[in-house]
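Working notes for the structure below.
Indexing begins at 1, ligand by ligand and atom by atom, following the structure's order. Numbers here are sequence positions counted from 1.
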Amino acid sequence: MSPEVTAKYPYVANAYSKELAAKCPAFAKQVNPDPRELEEDDYGPDPFGEEEEAAGCYGLKQRFEDRVLIMASDSCFMNCRHCTRKGLLRQAEVVRTDEELQTCMAYVQDHPLVRDVLISGGDPLVLPDEEVMRFVRSFSGLAQVDVVRLCTRAPCVNPARITRDLAALLGRSGKVWVNTQFNCAEELTPEAVEACTNLVRAGVPVSCQTVLLAGVNDSAERLLELFRALLRARVRPYYVFQCDPIAGISHFRVPLEKAQKIERECAERIGGLGLPRFVMDIPGALRKTPIGEM
Ligand code: SF4
């Protein structure tokens with residue numbers, strides 16, 4: 001493991017991730033540092049201005065009028081090498097105190113168009129249950145909020161974290177959806193499927209936001225295996241993202257024409273329920289842009 005790479009982008013992996021990486025080369029590419037992360041490219045560490053906060057509101061970001069993102073933690077169970085926030089992990093401004101949380105709630109109440117609150121990070125599930133629920137209850141208690149989205153890779157990288165107790169707490173709120181990330185079918189281990197099942201049985205819908213990654217899942221065959229495995233686990237394949245324009249991940253980026261071809265092939269071979277939207281995030285755009293429009 002190159003110390004130059006890990007000095008810039010730290011290696012973090014829990015025991016479960018290390019074990020899965022040892023069995024699955026496609027997952028290992030997401031965990032293990034690669035010297036190509038230091039190659040020069042045209043990108044910066046934060047193209048979406050995620051370090052900028054909404055005025056006076058520590059840990060809250062707003063890019064779209066109906067949604068806000070709350071940074072509830074700045075660390076993860078493992079540092080995904082392709083992460084959009086790889087330059088910000090363990091450095092991001094996050095909400096911690098009751099006062100900061102109150103300020104974020106006041107911001108949402110001052111912006112009545114906001115209906116969807118994303119609790120993200122880092123991974124919010126590195127926090128203990130009572131901390132997670134402090135965020136969930138605060139926002140699900142606001143009448144204007146329809147959806148509280150918990151953005152976590154725990155079902156994939158630390159499935160034991162999704163206990164039945166936690167799932168029941170999340171389900172009781174009535175507004176929580178879990179957004180997770182699986183990138184290849186091998187990640188749907190029996191433990192991961194059990195984690196998803198705990199959530200679904202507790203009434204928490206689970207959606208998957210996959211990242212299209214060279215050498216991991218950049219073919220229709222690989223993605224279709226994944227989508228079918230997700231459907232078996234009752235997880236909705238929701239988005240496939242082109243890699244974001246950030247520094248340090250160029251070796252994962254799939255050329256646009258190839259991504260468009262993969263999307264067309266998938267669409268011809270799986271029904272709508274199993275077919276996510278293939279999109280890319282463009283700095284300044286007011287929506288996720290379908291790659292077919294590019
Ligand atoms: S879990 Fe999400 S936020 Fe954390 S390193 Fe992976 S992609 Fe980034």
Side-chain angles (χ1 to χ4, degrees), residues 5-6 8-18 20-21 24 26-34 37 43 45-51 59 61 63 69-95 118-127 132 135 149-162 177-184 187-189 191-192 195-196 199 206-214 216-217 226 235 238-253 276 279-281 288:
V5 178
T6 52
K8 184 160 189 193
Y9 302 119
Y11 169 75
V12 174
N14 60 353
Y16 179 90
S17 303
K18 287 180 187 166
L20 185 55
C24 172
F27 185 74
K29 290 194 168 93
Q30 303 170 55
V31 186
N32 296 331
D34 186 309
E37 291 173 49
Y43 306 111
D46 187 20
F48 301 106
E50 296 205 319
E51 275 293 73
K61 331 275 169 187
R63 278 178 60 206
L69 174 78
I70 306 288
M71 306 286 267
S73 102
D74 68 346
S75 60
C76 294
F77 300 107
M78 81 175 213
N79 283 4
C80 307
R81 306 316 296 180
H82 56 277
C83 178
T84 299
R85 297 181 184 139
K86 68 187 290 175
L88 307 178
L89 293 173
R90 292 173 197 272
Q91 300 172 27
E93 301 278 312
V94 299
V95 173
L118 283 78
I119 300 176
S120 186
D123 195 318
L125 289 190
V126 298
L127 302 172
V132 175
F135 285 94
R149 277 194 276 170
L150 197 60
C151 305
T152 172
R153 214 179 169 193
C156 176
V157 301
N158 189 9
R161 177 71 188 87
I162 312 291
W177 296 56
V178 162
N179 269 9
T180 192
Q181 183 191 142
F182 289 96
N183 293 327
C184 62
E187 294 167 14
L188 273 294
T189 62
E191 294 91 335
C196 298
L199 290 165
V206 185
S207 305
C208 179
Q209 304 193 160
T210 294
V211 186
L212 188 61
L213 299 170
V216 172
N217 58 11
L226 170 65
V235 174
Y238 173 47
Y239 278 135
V240 171
F241 277 105
Q242 276 288 84
C243 276
D244 281 329
I246 64 144
I249 63 170
S250 292
H251 57 295
F252 281 121
R253 193 162 287 116
V279 295
M280 58 199 295
D281 240 339
K288 311 274 187 237

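Atom numbering of ligand 1 starts at 1 in the shown order; those under 4.0 Å from a heavy atom of L89 are 5 (S). Of all the atoms in ligand 1, the ones that sit under 4.0 Å from a non-hydrogen atom of M78 are 5 (S).
If you check the side chains of R153 and S17, you find no donor sitting under 3.5 Å from an acceptor.
V12 approaches F77 most closely through the heavy-atom pair CG1-O, 3.8 Å. Between F27 and A21, the shortest heavy-atom contact is CD2-N, 3.6 Å. Residues F135 and V95 approach most closely at CZ-O, 3.6 Å, considering heavy atoms.
Of all the heavy atoms of V157, none lies under 4.0 Å from any atom of ligand 1, so neither backbone nor side chain is involved. Contact annotation: for C76 versus ligand 1, heavy atoms closer than 4.0 Å belong to the side chain alone.
Using a non-hydrogen distance threshold of 4.0 Å, T84 does not register as a contact of ligand 1.
With H82 as the partner, the side-chain hydrogen bond (donor to acceptor under 3.5 Å, both in side chains) test is satisfied by one option alone out of Q181, K29, H251: Q181.
A 4.5 Å side-chain heavy-atom check between C76 and L89 finds at least one atom pair inside the cut-off.
Scanning the protein heavy atoms around atom 6 (Fe) of ligand 1, the nearest turns out to be C80 SG, 2.3 Å. Nearest protein neighbour of atom 1 (S) of ligand 1, counting heavy atoms only, is R153 CB, 3.6 Å. At the shortest separation from atom 2 (Fe) of ligand 1 among protein heavy atoms lies Q181 NE2, 4.5 Å.
Residue side and main chain included, C83 places an N/O/S atom under 2.8 Å of atom 8 (Fe) of ligand 1.
Salt-bridge formation is detected for the pair D281/R63: a Lys NZ or Arg NE/NH1/NH2 atom is positioned less than 4.0 Å from an Asp or Glu carboxylate oxygen.
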